[in-house]
Amino acid sequence: LNGTWCILQNCHLGIGFMSQIERILTKTSDIQQDFRLWVTCEITNRFPIGLLQMSIKVTMEPPAGLKAGLLRTYTTTVTQELLDKIDHEQW
């Protein structure tokens, strides 16, 4: 996997695919250090626990309404300053 960012939204709708992603990430040995997988998901107990354990979790209160949710999705910018606040060696 090359050193780019990938976003997967509404992953609670594709739990089976998330299990495949977990297998890919655990079995692939040549993942570049700059690769980031950004996942959005509603709370569900079916989400693969291994994928959660290898992740940094960020929680946000959902906005009211579909329009507000889409607006926040496409206007929220992840900056280096925001990432610097996360105390984790992988960031």
Quiz item: Given the rule that I, L, V, M, F, W and Y join up when any side-chain heavy atoms are under 4.5 Å apart, are Met54 and Ile15 in one cluster?
Solution: yes

Quiz item: Between atom OG of Ser55 and atom CH2 of Trp38, what is the distance when rounded to the nearest 0.5 Å?
Solution: 11.0 Å

Practice problem: Not counting sequence neighbours, which residues clear side-chain contact (heavy atoms from CB on, under 4.5 Å) with Leu37? List them please. | Solution: Cys6, Leu8, Ile21, Leu25, Phe35, Val39

Quiz item: Is it the case that one hydrophobic cluster holds both Leu52 and Ile31, taking links as side-chain heavy atoms less than 4.5 Å apart, direct or via other members?
Solution: yes

Practice problem: Check for a donor-acceptor pair, side chain of Thr44 on one end and backbone N or O of Arg46 on the other, with a separation under 3.5 Å. | Solution: yes

Self-check item: Point-to-point distance, once rounded to the nearest 0.5 Å, from CD of Gln20 to CE of Met18
Solution: 9.0 Å

Quiz item: Among the clusters formed by ILVMFWY side chains lying less than 4.5 Å apart, do Ile7 and Trp5 turn up in the same one?
Solution: yes

Quiz item: Got a donor-acceptor contact below 3.5 angstrom from the His12 side chain to the Glu42 backbone?
Solution: yes

Exercise. Mark yes or no for whether Gln9, through its side chain, and Thr40, through its backbone, hold a donor-acceptor pair below 3.5 Å.
Key: no

